[in-house]
Amino acid sequence: MQTIVALQALVTAASLDMEPSAAELDAIGREMPLIRAEVELLDAQIMTIDRPANELDTRRVRRARNRVLAARRKLANRAGTEQTGGAA
């Protein structure tokens, strides 16, 4: 009978202190407006968790949702123009 043993070096990551590449940093930079909008939406939703939402809270959440949708639309449109070469 043959024993199968996994080598530790193949199972774990090579290095845990690797820095992100320039391409990864650029992708994060492009997505940062969406990330900020999503954080604002989450903050607005968290404020209404422990109490009934009043009119101001409802407007705050709605505006935050609209900012998220606008950021997603802008990011999707930018990605679409990059793939097609910018010809519109």
Side-chain angles (χ1 to χ4, degrees):
M1 179 185 227
Q2 190 176 19
T3 307
I4 299 174
V5 179
L7 299 176
Q8 189 68 21
L10 297 176
V11 174
T12 59
S15 176
L16 298 176
D17 61 328
M18 292 177 29
E19 296 292 327
S21 68
E24 291 170 333
L25 290 174
D26 289 341
I28 293 169
R30 282 191 303 271
E31 294 177 6
M32 191 53 68
L34 175 60
I35 294 168
R36 286 189 185 119
E38 288 175 337
V39 168
E40 288 177 18
L41 174 60
L42 187 60
D43 287 343
Q45 290 172 334
I46 287 172
M47 289 188 334
T48 62
I49 286 177
D50 60 346
R51 61 184 172 154
N54 58 24
E55 185 180 340
L56 182 62
D57 293 333
T58 304
R59 277 192 259 156
R60 184 177 291 127
V61 170
R62 186 176 58 237
R63 280 182 281 160
R65 269 196 200 116
N66 289 339
R67 280 189 224 112
V68 168
L69 291 174
R72 284 182 184 167
R73 182 180 61 239
K74 187 175 180 181
L75 188 63
N77 288 340
R78 187 182 312 158
T81 58
E82 288 174 1
Q83 291 175 354
T84 60

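Worth knowing before you read on, the calculation uses all heavy atoms, side chains too, and leaves out hydrogens, waters and symmetry mates. For this chain, numbers begin at 1 and follow the sequence in order.
Heavy atoms only, all atoms of each residue included: Arg65 and Leu41 are closest at CG-CD1, 3.7 Å. Nearest heavy-atom pair, Ala53 versus Thr58, reported as atom, atom and distance to 0.1 Å: CB-OG1, 4.1 Å.
With salt bridges taken as basic N to acidic carboxylate O contacts below 4.0 Å, one links Glu55 and Arg59. Note on Arg60 versus Glu40: no salt bridge recorded, every NZ/NE/NH1/NH2 to OD/OE distance being 4.0 Å or above.
A donor-acceptor pair under 3.5 Å is formed between the side chain of Glu24 and the backbone N or O of Ser21.
Rounded to the nearest 0.5 Å, atoms CZ (Arg30) and CG (Leu25) are 10.5 Å apart. Here the CD1 atom belonging to Ile35 is positioned 7.0 Å from the CD1 atom belonging to Ile28, to the nearest 0.5 angstrom. Residue Arg62 holds its CZ atom at 11.5 Å from CG of Asp57, rounded to the nearest 0.5 Å.
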task = Go through the steps to decide whether Leu34 and Arg72 satisfy the test side chain to side chain contact (heavy atoms under 4.5 Å, CB included), and finish with yes or no.
result = CA-CA 6 Å; Leu34 175 60; Arg72 284 182 184 167; 3.4 Å; yes
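Put simply, Ile46 and Val39 are part of two different groups of oily side chains (I, L, V, M, F, W, Y) that touch within less than 4.5 Å, one to the next.
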